Amino acid sequence: MSHKRPEGTDDILPDQIPLWLRFEQIARGVFGRYGYLEVRPPLFEHTRLFLKTSGDTTDVVEKQMFTVPSRSEGEDSYTFRPELTPGVIRALIENGLFHKRPLWKVFYIGPMFRYEKPQKGRTRQFHQFGVEAVGSKEPLLDVETMAVLADVLREVGVKEFALQVNTLGCPDCREAYRGRVRQAMGERLLEYCESCRRRFERNVLRVFDCKVETCARLAESLPAIADFVCADCRAHFEKVLEGLRDAGLEYVINKRIVRGLDYYSRTVYEFTSTALGAQNALGGGGRYDSLVGGMGGPDVGAVGFAAGVERVLMAAKGVEAPAARPDFFVIAAGEEARRAVFRIAQQLRAAGLAGDLDYESRSVKAQMRRANDLRALYAVIVGPEELAKQQAKIKNMDDGVERVVALAEVAGLIGRARE
RNA sequence: GUGCCCGUAGCUCAGCUGGAUAGAGCACCUGGUUGUGGCCCAGGACGUCGCGGGUUCGAAUCCCGUCGGGCACCCCA
């Protein structure tokens, strides 16, 4: 075995494709019903786009980026997208779309790249689908994005999933909250590790990122930001919860949800499943009201989610997607017919039918087996006798019934039977 | 980046405490009709036992190294 796929990548082989197509069809159907339009930004962007938007101390940016140097001197390197929100917003701004409409509801499906140690539900190339509603601060849109994801999950066949929501407040809230954390942390400061005591001085909130076990445990007892958000943010969150109830979406408030990216504000949420093992997040999202303006666009609010296609497919295990059946398989009986079968297949294809033939000179029995393996609707058998009379024998592979018909009628007969 | 587990045919695996030509099921190919599938039957092809080194009369089996994979921590999709 000389060549192997890179660590953390998967080959999606033909037998898996029907499942993926089914998923994409369902997802596109839901997005379409809610009025979300597809966008396809590039697979890679300038590295600085992610540095400035996702947050330069987040895990994603610190250690998970697939970065390639530019070939031109002095130019920024490129990075394969670890997520697509920055790319989508960049595309909306760069192409001047906000001059056309104030609100853009868009969706995407495609591969993302993160340099991580692979495990169940986590690979270096994976696929996400997501939506972004850009141009409004209305809480109803927070609810709508959650409803979209819930609809996709339900329709795809994910039986058990849970929705957890939280609010992170706005930058002002965070300033006030910072004070509360400092106060609480100060009471037991000596129990924290050295670097956390440094964080206490410079940037208290980073204490929540500390990997030291004792610090992590201490941090659990610190106040949650959701309890200290300002009146406006509180009102926004209440409206979101109210909207979720109106929409019939069950949820639980989880004050520990913070999300792994820096741009979130106010609403954040996660959909989890019990069917996945350690990586139990199906998808997550939230509001990011300062990102668009911060990137040079209009000062408008935005909200969206991203979810993992592989994880959703895993959580929907047991769902079958049958492969499409070919309409015909042309079989040559005897050497003389060999030249004719390709021509006949071409005629049937030209008539809009899908089908194949055996390219090797094999026995009729072997060709029938192939027709059966491919689950062809009809075997079209031609030998010397049929050819002499410009006929073909067509056999319905489901009931075994055979008919001899004129070659010219084969396409029509099979086409009608297919309906 | 850290820890645990695993590498035998295309796939799933068996191969006992080291012993002679490394096996099974599925899949594949051929045949059982002079031109016919699914089930069944017969036969066939397919393996540097991940790789390298060591111990031994003898290694798929024991030891070391290495590469690859899986899972978990962390984080998240």
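This is a predicted model, so every value here is computed, not measured. Throughout, protein chains are lettered first and strands after them, A, B, ... in sequence-line order, and every chain is numbered starting at 1. All values below were derived from every heavy atom in this structure, side-chain atoms included, with hydrogens, water molecules and symmetry-related copies excluded.
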**Student:** Mind checking if A/A371 touches a base, just sugar-phosphate, or nothing, with heavy atoms under 4.0 Å?
**Tutor:** nothing
**Student:** Quickly work out the A/Y264 OH to B/A77 P distance and round it to whole Å.
**Tutor:** 6 Å
**Student:** State which of B/G37, B/C73, B/A72 makes the closest approach to the side chain of A/N372.
**Tutor:** B/G37
**Student:** Of the listed nucleotides (B/C76, B/U30, B/G31), which one gets closest to any side-chain atom of A/A281?
**Tutor:** B/C76
**Student:** Under the 6.0 Å and 45° cation-pi test, does A/R114 pair with A/F126?
**Tutor:**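 No, A/R114 does not lie over the aromatic ring of A/F126.
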**Student:** Rounding to an integer number of angstrom, what distance separates B/C62 and B/G19 when you compare their C1' atoms?
**Tutor:** 14 Å
**Student:** Any idea which of B/G31, B/C74, B/G35 is nearest the A/V364 side chain?
**Tutor:**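 Closest nucleotide among those given: B/G35.
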**Student:** With distance as the sole criterion, is a donor-acceptor pair present between the side chains of A/E132 and A/Y288 under 3.5 Å?
**Tutor:** yes
**Student:** Counting side-chain heavy atoms from C-beta on, which of B/C74, B/C29, B/G35 comes nearest to A/E386?
**Tutor:**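 Output: B/G35.
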**Student:** In whole Å, measure the gap between the P atoms of B/A60 and B/G18 for me.
**Tutor:**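 Those two atoms are separated by 13 Å.
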**Student:** Taking only the side-chain heavy atoms of A/E116 (C-beta and beyond), determine which of B/C29, B/G35, B/C75 contains the nearest atom.
**Tutor:**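 Of the candidates, B/C75 comes closest.
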**Student:** Roughly, in whole Å, what's the span from CZ in A/F271 to C1' in B/A77?
**Tutor:**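 Distance check: A/F271 CZ to B/A77 C1' gives 14 Å.
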**Student:** Return yes if the base of B/G37 and the side-chain atoms of A/K395 contain a donor-acceptor N/O pair under 3.5 Å, otherwise no.
**Tutor:**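 Between B/G37 and A/K395, which were checked side chain against base, a qualifying N/O pair under 3.5 Å is present.
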**Student:** Report the nucleotide, chosen from B/C71, B/G37, B/G35, that has the shortest atom-to-atom distance to any side-chain atom of A/K365.
**Tutor:** B/G37
**Student:** For a quick check, tell me whether the side chain of A/R311 and the base of B/C76 share a donor-acceptor pair closer than 3.5 Å.
**Tutor:**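 Indeed there is one.
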**Student:** Choose from B/C76, B/C28, B/C74 the nucleotide whose nearest atom is closest to any side-chain atom of A/N280.
**Tutor:** B/C76
**Student:** If you check the A/R114 side chain, which of B/G35, B/G31, B/A77 turns out closest?
**Tutor:**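 Comparing B/G35, B/G31, B/A77 against the side chain of A/R114, the answer is B/A77.
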**Student:** Using whole Å, what does the distance between atom C1' of nucleotide B/C76 and atom CG of A/L282 come to?
**Tutor:** 12 Å
**Student:** Could you tabulate the donor-acceptor pairs under 3.5 Å formed by side-chain atoms of residues 26-34 of chain A, not counting sequence neighbours?
**Tutor:**
| residue | atom | partner | partner atom | Å |
| --- | --- | --- | --- | --- |
| A/R28 | NE | A/E38 | OE1 | 3.3 |
| A/R28 | NH2 | A/E38 | OE1 | 3.1 |
| A/R28 | NH2 | A/E38 | OE2 | 2.9 |
| A/R33 | NH2 | A/E155 | OE2 | 2.6 |
| A/Y34 | OH | A/D151 | OD2 | 2.8 |

**Student:** Any chance you could encode RNA chain B as dot-bracket? Rule is Watson-Crick or G-U wobble with both distances under 3.5 Å; [ ] for pairs crossing earlier ones, | for another strand.
**Tutor:** (((((((..((((.....[...)))).(((((.......))))).....(((((..]....))))))))))))....
**Student:** Between atom CZ in A/R124 and atom P in B/C76, what is the gap in whole Å?
**Tutor:** 18 Å
**Student:** In chain order, what residues pass the ring-ring contact (aromatic ring centres under 6.0 Å, His included) check against A/F23, with sequence neighbours excluded?
**Tutor:**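 With sequence neighbours excluded, A/F23 shows a ring-ring contact (aromatic ring centres under 6.0 Å, His included) to A/F129, given in chain and number order.
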**Student:** Closest to the A/Q119 side chain: B/C73, B/G37, B/A77?
**Tutor:**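 Nearest to the side-chain atoms of A/Q119, counting from C-beta on, is B/C73.
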**Student:** Base, sugar-phosphate or nothing for A/E7? Non-hydrogen atoms, less than 4.0 Å.
**Tutor:**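 Sugar-phosphate, no base atom in range.
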**Student:** Rounded to the nearest Å, what distance is computed from the CE atom of residue A/M368 to the P atom of nucleotide B/G37?
**Tutor:** 6 Å
**Student:** Using a 6.0 Å distance limit plus a 45 degree cone around the ring axis, check whether A/R124 lies over the aromatic ring of A/Y115.
**Tutor:** yes
**Student:** For the residue pair A/T167 and A/T267, confirm or rule out a side-chain donor-acceptor distance under 3.5 Å.
**Tutor:**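 Side-chain D/A pair, A/T167 to A/T267: absent.
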**Student:** In whole Å, what is the span from the CD atom of A/Q64 to the P atom of B/C74?
**Tutor:**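 Going from CD in A/Q64 over to P in B/C74 covers 14 Å.
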**Student:** For A/R22 and A/Q25, which I'm curious about, is there any donor-acceptor pair between the side chains at under 3.5 Å?
**Tutor:**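 Their side chains do not contain a donor-acceptor pair, so the 3.5 Å distance test is not met.
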**Student:** Can you check the A/R122 CZ to B/G69 P distance for me, whole Å?
**Tutor:** 15 Å
**Student:** It should be established whether A/S363 places a side-chain nitrogen or oxygen under 4.0 Å from OP1 or OP2 of nucleotide B/U30.
**Tutor:**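 Indeed not, no polar side-chain atom of A/S363 lies that close.
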**Student:** Given the rule in the ring pair (Phe, Tyr, Trp, His ring centres under 6.0 Å) test, do A/F66 and A/F80 qualify, once you have shown the distances and angles that lead to the verdict?
**Tutor:** CA-CA 6 Å; A/F66 268 101; A/F80 284 93; 7.1 Å; no
**Student:** Can you check the A/D373 CG to B/C26 C1' distance for me, whole Å?
**Tutor:**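 It is 14 Å, rounded to the nearest whole Å.
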**Student:** For atom C1', what is the distance between B/A22 and B/A14, given to the nearest Å?
**Tutor:** 11 Å
**Student:** Nearest nucleotide by nearest heavy atom, which residue falls closer to the 5' end of RNA chain B, A/G8 or A/R370?
**Tutor:** A/R370
**Student:** Going by atom types only, do A/T67 and A/S77 share a side-chain donor-acceptor pair under 3.5 Å?
**Tutor:** no
**Student:** Select one nucleotide: of B/G35, B/C74, B/C76, the one nearest the side-chain heavy atoms of A/E385.
**Tutor:**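 Of all the options, the side chain of A/E385 is nearest to B/G35.
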